[in-house]
Amino acid sequence: MALSEVGIRIDYFHKASDDYLRMLGVDRIRLPAREAWFETYAADYARAIEKRETFQLVWLSGELQIGFSSVDQIEFGASARMHLHVLDADSRNKGVGARCVIESVRLYFERLKLKKLFCEPNAYNVAPNRTLQTAGFKYLKTYETVPGPINYRQAVTRWVFEPSY
Ligand SMILES: CC(C)(COP(=O)(O)OP(=O)(O)OC[C@H]1O[C@@H](n2cnc3c(N)ncnc32)[C@H](O)[C@@H]1OP(=O)(O)O)[C@@H](O)C(=O)NCCC(=O)NCCS
């Protein structure tokens with residue numbers, strides 16, 4: 001995802017309904033204002049890849065943006081934590097997410113030299129939990145935490161992907 005495309009992610013959260021944010025475990029009040037959020041990304045995109053705090057991918061079908069994935073909690077050469085989103089509700093549950101996650105995982109490992117990739121969806125959000133299993137992630141545990149700065153305290157499931165080679 002180019003810096004010019006990060007509005008996809010910013011709009012995705014800002015335009016979401018309260019019910020949808022609740023499903024994601026996101027608290028609207030904690031969303032940074034659009035411009036501030038963009039500036040945070042601009043500063044991060046200016047860093048060398050080894051120093052990045054986030055790394056984002058846009059999922060394309062032809063020229064059409066159909067979803068996105070990002071990682072944060074990056075320890076270059078070691079681990080990161082992934083997020084996954086198909087943009088259009090009508091396009092979900094049709095096999096897109098699993099295929100794009102598999103491709104995203106490959107890119108994260110390649111670009112960030114990872115050994116492990118974690119993902120921690122809300123425990124009650126069925127779609128990502130099913131998708132992670134399909135994409136080859138292994139279930140580790142369910143526990144309560146505040147997953148990140150835009151989240152409230154919630155039960156999450158912790159999954160890990162470790163290549164078998
Ligand atoms: C999570 C998400 C990216 C998955 O992508 P997707 O295209 O819907 O997933 P797929 O169609 O590839 O399905 C993958 C698996 O999940 C299952 N699945 C997907 N959506 C499901 C749902 N709503 N209920 C039950 N199972 C579901 C599929 O049956 C499939 O299982 P299988 O491989 O055992 O047959 C997408 O549903 C999404 O964007 N959801 C809203 C955002 C979100 O919750 N993101 C996660 C935040 S951590």
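Excluded from the calculations below are hydrogen atoms, water molecules and symmetry mates; all remaining heavy atoms, backbone and side chain alike, are included.
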Open item on the list: More than 12 heavy atoms of other residues, nucleotides or ligands under 6.0 Å from OH of Tyr124: yes or no?
Closed with: no
| field | Heavy-atom donor-acceptor pair, Lys115 side chain to Gly77 backbone, under 3.5 Å | value | yes
### Task
Check the hydrophobic clustering (I, L, V, M, F, W, Y; side-chain heavy atoms under 4.5 Å; chains of links allowed) and say if Trp159 and Val86 are grouped together.
yes
**Asked** When you look at CZ of Arg111, are more than 12 heavy atoms from neighbouring residues, nucleotides or ligands closer to it than 6.0 Å?
**Response** no
- Please assess Met82 against Val101 for the test side chain to side chain contact (heavy atoms under 4.5 Å, CB included), listing each intermediate value before the final yes or no. CA-CA 9 Å; Met82 183 183 75; Val101 164; 3.8 Å; yes
Given 3.5 Å as the limit, does a donor-acceptor pair link the side chain of Asn129 with the main chain of Asn122, or not?
yes
Q) Run the side chain to side chain contact (heavy atoms under 4.5 Å, CB included) check on Tyr20 and Lys15 step by step: do they pass? A) CA-CA 10 Å; Tyr20 188 72; Lys15 289 182 177 167; over 6 Å; no
With distance as the sole test, does Arg158 use its side chain to make a donor-acceptor pair with the main-chain N or O of Lys141 at under 3.5 Å?
no
Does Arg106, at its CZ atom, have more than 12 non-hydrogen atoms belonging to other residues, nucleotides or ligands within less than 6.0 Å?
yes
For Phe118, the other hydrophobic cluster members (4.5 Å side-chain criterion, sorted by chain and number) are Leu140, Val160
Closest heavy-atom pair, Thr131 versus Gly97, reported as atoms and distance to 0.1 Å, is CG2-C, 3.9 Å
Scanning both residues in full, the closest heavy-atom pair of Arg34 with Ile10 reads CG-CG2, 3.6 Å
message: Could you check whether any side-chain N or O of Asp44 sits under 3.5 Å from a backbone N or O of Glu53, counting only pairs where one atom can act as donor and the other as acceptor?
response: yes
Short question: side chain of Ser69, backbone of His83 - any donor-acceptor pair under 3.5 Å? yes
Quiz item: Do the ring planes of Tyr41 and Trp37 sit parallel (below 30°), tilted (30 to 60°) or perpendicular (above 60°)?
Solution: parallel
Note to self: Using the ring centroid of each side chain, check whether Phe161 and Phe109 are separated by less than 6.0 Å.
What the structure shows: yes
Around atom CD1 of Ile29, are there more than 12 heavy atoms of other residues, nucleotides or ligands at under 6.0 Å?
no
